[in-house]
Amino acid sequence: EIKRRWLAFFESKDHVVVPSASLISEDPSLLFTVAGMVPFIPYMTGLVPAPYGRATSVQKCVRTLDIEEVGKTTRHGTFFQMNGNFSFGDYFKKEAIAYAWEFLTKSQDEGGLGLPKERLWVTVFKDDDESISIWREVSDIPLQRIQKRGMKDNYWSTGQPGPAGPCSEIYYDRGPEYGRDGGPIADEERYLEVWNLVFMQFERGAGSGKSDFPILGELPAKNIDTGLGLERMAAILQGVDNIYEIDTTKIILDRAVDLTGIKLYVRVKSSGGSCTAVDTSSGANNLTASISCPTGINEVDANISGLNVQPNPMTNGAVINFNTAKAAMYTLRVTDITGKEVLFKEIEARTGENKIAMERNNLTAGIYFVQLNDGKFSVTKKFT
Ligand code: GLY
């Protein structure tokens, strides 16, 4: 439905609807299609005359640039689809910004996505005051919700020589339960980037990373290249915490749960350092456990809950409490902040409440992690 609305909206703005190109890139210098703009690179560099001035697509992508983020956040996937609108020397910043605001905020009855305006934040490249003026002119976003960022965040290219340009990104505020106040510059889990508007007007040279490359000059024309993450938008509209639990992906996880008989899925909500683990395989919030707080998804054994560690200054150790749904052998592993193991023990846990004293281990002051594992999954708790 998001795809359908997207294509219909941009078609109504005179864009040619172009089908997704192959995930295997036709560009010999790129293994995968890393963004919606990849099939259109020759039009932007001027190598091939663009057959149309405006195009829109929903492109299958593998984002090799961000691959190290997958599994650490709630918003990166190995595969995703990018909704894009493109201009090849046709419209530029003003229309791109106006279209984005209109599509996001127009009511669903009128064909938009109906997002509440007060949830939206925007970033622009640090030197790009022009975009700030345009945002103020074509939308009613207040100045306090527009932030400036540098090359790493607000200058986009495929990661190799070719078209490049400053960008303006649109973020959705998921609320204080997802992280700190302060806009995208403060917390990108709470403020979820949904749409990147790239003002493709330069050609970049060779270099590494997201900012270490020369700008060689201007492209023959000023182009627009935008990308809205389909799965991220689905997560927002479907009210789920991460891109793995949207309808099209959850069905695969549910099937895996059916086939294995293992209730394995727990989502982690992080707020100010404390976490709640919620058993989502049953659809009910019936498992609560304090566990360590990387943002993202943790697989934990739903049989273990309520892991709690109380440092015991008298013995220089700690008391570890937890509950299990079944009597079984568990391993208990304590590591320091560098990952060095300070304790390893096998525990025969009984059903219900278990209490283990970890004494006289001469722990110096610092941060430790207690991990309980049943051979398949583990629950981890940080303590100081
Ligand atoms: N081409 C813009 C993006 O992929 O973010």
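Values below: every heavy atom of this structure, side chains too, minus hydrogens, waters and symmetry copies. Both counts, for ligands and for their atoms, begin at 1 and track the order of listing.
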Closest protein heavy atom to atom 1 (N) of ligand 1, given as residue, atom name and distance to 0.1 Å
Asp225 OD2, 2.7 Å
What protein heavy atom sits nearest atom 4 (O) of ligand 1, and how far away is it?
Arg63 NH1, 2.8 Å
Donor + acceptor pair across side chains of Ser157, Arg204 (<3.5 Å):
yes
Taking Arg145 first and then Asp173, would you say they form a salt bridge - that is, a charged N and a carboxylate O separated by under 4.0 Å?
no
Record the part of Met200 in heavy-atom contact with ligand 1 below 4.0 Å; permitted values are side chain, backbone, both and neither.
neither
Of all the atoms in ligand 1, which lie at a distance below 4.0 Å from a heavy atom belonging to Asn196?
2 (C), 3 (C), 5 (O)
Which atoms of ligand 1 have any heavy atom of Val198 under 4.0 Å away?
2 (C)
Does the distance from a Lys or Arg side-chain N to an Asp or Glu carboxylate O, for Asp66 and Arg63, drop under 4.0 Å?
yes
Is the closest basic N to carboxylate O distance between Arg75 and Glu193 below 4.0 Å?
no
Below 4.0 angstrom from a heavy atom of Met37, which ligand 1 atoms are there? Numbered from 1 as shown, please.
1 (N)
Answer yes when Glu95 and Lys13 have at least one side-chain N-carboxylate O distance shorter than 4.0 Å, and no when they do not.
no
